[in-house]
Structures are given as structure tokens and as C-alpha cells.
Amino acid sequence: DVVEAKSSVPKVNSILQQQRDRIRKNEVLKTKVSAFASLSDDHLNSIIDTMTFEEHDDDNPLIIEQGKVADRLYVVLAGEVSIMAATGTEGWPTEKCRIGELEVFGNEALLMIDNLRYSISGIACDDVQLLCLTIANNPMFGDKAQEIVEASRKQRAADITKRVGKQLAMKFRASRK
């Protein structure tokens with residue numbers, strides 16, 4: 001039994017390394033997370049090397065939960081994730097969208113604000129494989145941590161401005177009818 005356990009460890013490590021290499025090759029973090037766009041390839045590779053593998057399925061569908069502390073960023077390797085948010089007076093969650101392979105979610109964690117909570121939930125729609133980047137106390141952020149935080153805050157502000165602009169435009173159009 002001990003021999004079998006030891007022989008499976010390199011396989012798991014090689015699979016994890018293959019998935020990390022896939023993220024590198026596709027430049028997922030650099031292109032889909034603006035906070036990482038200015039990092040050198042070496043620095044980004046060091047951050048990717050800290051990512052861990054997770055699987056979720058029907059027995060364990062909850063990846064992140066709205067209202068919980070935002071401390072992880074995820075990259076979908078396989079499967080689909082339903083992005084849900086509780087809104088309105090009832091507070092019932094509704095699906096906002098579905099994301100799939102090489103999509104990123106949990107970006108709020110990059111703001112590195114103590115006790116910042118996720119504004120969405122991520123639920124596995126089927127068998128889902130992910131790479132998870134734990135943000136808190138990650139030594140690979142190093143002296144670039146503040147730069148990453150500032151880029152995340154700028155992107156969040158831009159996203160909010162865009163969303164508010166769309167809402168105002170819809171209200172304006174509705175009032176003109």
C-alpha cells in the first residue's frame with residue numbers, strides 16, 4: 001500500500017505541473033486579469049507555481065460563496081461554473097452567467113482588503129477542475145503586491161463605471177418612450 005501511495009504522488013505532481021504550464025502557455029492570468037498584465041513572465045510564473053489543483057462535482061459543488069471572505073482566485077481548467085448572486089429583496093441567488101475553460105473568477109481577492117467578501121458565488125455545474133491561487137500571505141506577490149492591488153482597484157472602478165453607465169442609459173431610454 002505504501003508503494004502505491006508513493007507512486008501516485010509524482011503522477012499528481014506531473015498533472016498539476018501540466019495544468020500550470022497550460023495556464024502559462026495560454027497567458028490566462030496575464031490576459032484575463034489586468035492586475036497581472038504588467039508583471040514580468042518570471043514573476044507571473046512564480047505566482048502560477050503557488051496555484052493548487054481543486055475538483056468540484058455534484059457532491060461538492062460550492063467553490064466560493066457570496067458573503068465569505070474573498071481570499072482566492074480561480075481558473076477553470078475543465079467543466080462549467082455557474083456564477084450566481086443574491087439580489088433583490090428576497091435575496092435569492094440567480095445565475096448571472098456560466099463560465100468555462102480558462103475563464104477566471106474570484107478577482108475580488110486581488111484587492112487584498114481585510115474582510116472583503118465575495119459578491120458572487122461560484123457553483124460547479126458538473127465535474128469541474130480548477131487551479132486555485134490563494135492570495136493572503138502569498139510570498140510570491142512580494143514587492144509587486146501594491147501594484148497588483150492598484151491595478152485591481154482601477155479595473156473594479158472601471159467595471160462599476162461601465163455597469164452604472166449601462167443602467168443610466170437604459171433608464172434614460174425608458175424615460176424617453
Side-chain angles (χ1 to χ4, degrees), residues 5 8-39 41-87 93-142 144-145 148-149 151-153 155-156 159:
S8 68
V9 171
K11 181 180 178 189
V12 171
N13 288 338
S14 69
I15 291 170
L16 176 58
Q17 193 56 47
Q18 287 172 354
Q19 295 303 334
R20 287 175 176 164
D21 289 344
R22 183 174 166 214
I23 298 302
R24 284 184 187 87
K25 178 183 169 207
N26 289 291
E27 296 189 339
V28 172
L29 293 181
K30 196 164 241 185
T31 58
K32 298 196 179 198
V33 182
S34 61
F36 292 141
S38 66
L39 298 180
D41 288 343
D42 287 342
H43 192 178
L44 194 55
N45 286 334
S46 296
I47 290 171
I48 291 169
D49 286 340
T50 68
M51 297 181 86
T52 57
F53 182 79
E54 288 187 17
E55 289 184 292
H56 292 266
D57 55 24
D58 292 338
D59 293 332
N60 179 27
L62 187 62
I63 302 164
I64 62 174
E65 184 176 358
Q66 183 175 355
K68 297 288 182 180
V69 173
D71 60 352
R72 292 182 175 94
L73 175 114
Y74 291 90
V75 177
V76 180
L77 299 171
E80 278 190 324
V81 175
S82 173
I83 302 299
M84 303 185 76
T87 56
T94 57
E95 185 173 80
K96 300 300 180 186
C97 66
R98 285 192 180 203
I99 61 172
E101 188 175 357
L102 301 180
E103 292 294 323
V104 178
F105 67 104
N107 302 43
E108 292 148 311
L110 291 173
L111 295 171
M112 297 184 206
I113 298 172
D114 287 340
N115 294 314
L116 178 68
R117 308 297 171 152
Y118 287 115
S119 61
I120 54 105
S121 291
I123 311 291
C125 297
D126 47 25
D127 291 342
V128 174
Q129 296 177 344
L130 309 149
L131 278 183
C132 172
L133 177 63
T134 301
I135 305 300
N137 303 318
N138 188 321
M140 292 305 123
F141 287 106
K144 295 282 188 174
I148 292 167
V149 169
S152 295
R153 289 182 179 165
Q155 185 60 49
R156 185 172 181 156
D159 292 346

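- Legend: residues meeting side-chain hydrogen bond (donor to acceptor under 3.5 Å, both in side chains) with Gln19, ordered by chain and number and at least two apart, are Arg22.
- Here the shortest heavy-atom pairing between Glu108 and Ile120 reads OE1-CG1, 4.5 Å.
- Partner Ile23 forms a side-chain contact (heavy atoms from CB on, under 4.5 Å) with one of Val104, Leu102, Asn45 and no other, that one being Leu102.
- The CG atom of Asp41 sits 10.5 Å away from the OG atom of Ser46 when rounded to the nearest 0.5 Å.
- In this structure, the separation between CG on Asn115 and CG on Asp71 is 10.5 Å, given to the nearest 0.5 Å.
- Although no hydrogens or angles enter the test, the distance criterion places no donor-acceptor pair under 3.5 Å between the side chain of Arg72 and the main chain of Gly106.
- The distance from the NE2 atom of His56 to the SG atom of Cys125 is 12.5 Å, given to the nearest 0.5 Å.
- Closest approach of Leu16 and Thr52 over heavy atoms only: CD1-C, 4.3 Å.
- Take Lys68 and apply the side-chain hydrogen bond (donor to acceptor under 3.5 Å, both in side chains) test, not counting sequence neighbours, and it matches no residue.
- Taking CD1 of Ile83 as the reference point, atom OG1 of Thr94 lies at 12.0 Å (rounded to 0.5 Å).
- A side-chain donor from one of Gln17 and Asp21 sits under 3.5 Å from a side-chain acceptor of the other.
- Distance check, rounded to the nearest 0.5 Å: CG of Leu73 to CG of Asn107 gives 5.5 Å.
- When atom types are taken as modelled, the side chain of Asn26 and the backbone of Val28 share no donor-acceptor pair closer than 3.5 angstrom.
- Atom-to-atom distance recorded for Asp127:CG and Asp58:CG is 7.0 Å, nearest 0.5 angstrom.
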